[in-house]
Amino acid sequence: MTRQKLLVFAVAIVVIVVAAGVYFWPSIKPDSDTVINASLKGKFAASTKTLWPAPGQPAGEWASINQGEGSQTDSGLALMASGNDLFLLGKAVPRLDGGPHVLRVIVMTSEDTDMQIFFRRTDRPSDSESDTVLFHMIKGRNEVYIPVTAPEKLTSIRLDLGDTPGQTFVLKEISLRRL
């Protein structure tokens with residue numbers, strides 16, 4: 001292949017990858033401290049039964065923390081990234097029935113960064129990009145409401161925060177409710 005054909009091929013691949021990223025991994029970028037998916041906020045508030053984590057269980061109840069350190073504080077779970085792939089792997093989610101469920105995450109971040117949430121499922125037990133949502137978080141408080149598809153197949157949740165060593169976060173709340 002000539003150099004020019006290789007360049008055209010490479011550009012085509014980049015365009016396809018970027019287009020796939022926009023289609024499969026939507027990113028919502030708020031202008032300021034804001035609520036993402038605000039339309040679900042009222043429905044979430046009207047629901048009174050938190051299914052996960054168990055009521056009274058702190059936000060720090062995670063199976064493991066990857067490339068970071070965490071400690072429970074009065075404000076929530078304080079985290080600092082020690083590598084470029086800080087994530088929290090949640091303990092098992094109780095068996096859910098079908099129907100509408102919403103996950104709420106409230107997190108403070110020291111700088112603009114991305115948050116990705118993976119939903120592990122019985123039919124796909126490993127992390128899959130097809131079972132994920134990606135949000136752009138701004139420095140400060142971020143409150144996100146995520147509809148959970150196929151809740152009856154949900155087994156656990158993985159929360160990826162940031163991509164730079166030294167970034168800090170406070171996970172104020174994570175909760176799953178049936179609407």
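Worth saying up front: this structure is predicted, and the values here are computed from it rather than measured.
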Test side-chain contact (heavy atoms from CB on, under 4.5 Å) applied to Leu88 and Leu79, step by step: CA-CA 10 Å; Leu88 304 169; Leu79 298 158; 3.9 Å; yes

Intermediate values then yes/no, side-chain contact (heavy atoms from CB on, under 4.5 Å), Leu103 and Ser175: CA-CA 6 Å; Leu103 181 72; Ser175 54; over 6 Å; no

Steps toward side-chain contact (heavy atoms from CB on, under 4.5 Å) verdict (Val102, Val148): CA-CA 6 Å; Val102 171; Val148 177; 6.0 Å; no

CA sep, side-chain torsions, deciding dist, call: Phe119, Ile157, side-chain contact (heavy atoms from CB on, under 4.5 Å): CA-CA 5 Å; Phe119 297 95; Ile157 295 169; 4.2 Å; yes

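Partners of Thr164 under the side-chain contact (heavy atoms from CB on, under 4.5 Å) rule, at least two apart in sequence or in another chain, are Gln167. Residues satisfying the side-chain contact (heavy atoms from CB on, under 4.5 Å) criterion with Met108, sequence neighbours excluded, are Arg141, Val170, Lys172. For Asn66, the side-chain contact (heavy atoms from CB on, under 4.5 Å) partners are Asp85, Phe87, not counting sequence neighbours. Residues passing the side-chain contact (heavy atoms from CB on, under 4.5 Å) test with Glu152 are Ala150, sequence neighbours excluded.
Grouping the Ile, Leu, Val, Met, Phe, Trp and Tyr side chains by contacts below 4.5 angstrom, directly or via other members, places Leu159 apart from Ile106. When the side chains of ILVMFWY residues are joined at heavy-atom separations under 4.5 Å, either directly or via intervening members, Met115 and Ile65 end up in a single hydrophobic cluster.
Contact between Arg177 and Ser47 at its shortest, heavy atoms only, is NH1-O, 2.6 Å. When all heavy atoms are compared, the tightest approach of Ile138 to Asp112 is CA-OD1, 3.2 Å. When all heavy atoms of Met137 and Leu161 are compared, the closest pair comes out as CE-CD2, 4.0 Å. Leu40 and Pro147 get closest at one heavy-atom pair: CD1-CD, 3.6 Å. The minimum heavy-atom distance between Gly68 and Ser82, with the atom names listed, is N-OG, 3.3 Å.
In this structure, Lys153 pairs ionically with Asp123, as a charged nitrogen and a carboxylate oxygen lie closer than 4.0 Å.
Around CD of Glu111, the count of heavy atoms belonging to other residues, nucleotides or ligands within 6.0 Å exceeds 12.
Leu171 places a side-chain heavy atom less than 4.5 Å from the side chain of Val105.
Residue Lys139 holds its NZ atom at 13.0 Å from OG1 of Thr113, rounded to the nearest 0.5 Å. One finds the CZ atom of Phe44 at 10.0 Å from the CD1 atom of Ile146 (value rounded to the nearest 0.5 Å).
Among residues at least two apart or in separate chains, side-chain hydrogen bond (donor to acceptor under 3.5 Å, both in side chains) pairs with a member in residues 101-110 are Arg104-Tyr145, Arg104-Glu173, Ser110-Thr168.
In this structure, Gln67 contributes its side chain and Asn84 its backbone to a donor-acceptor pair below 3.5 Å.
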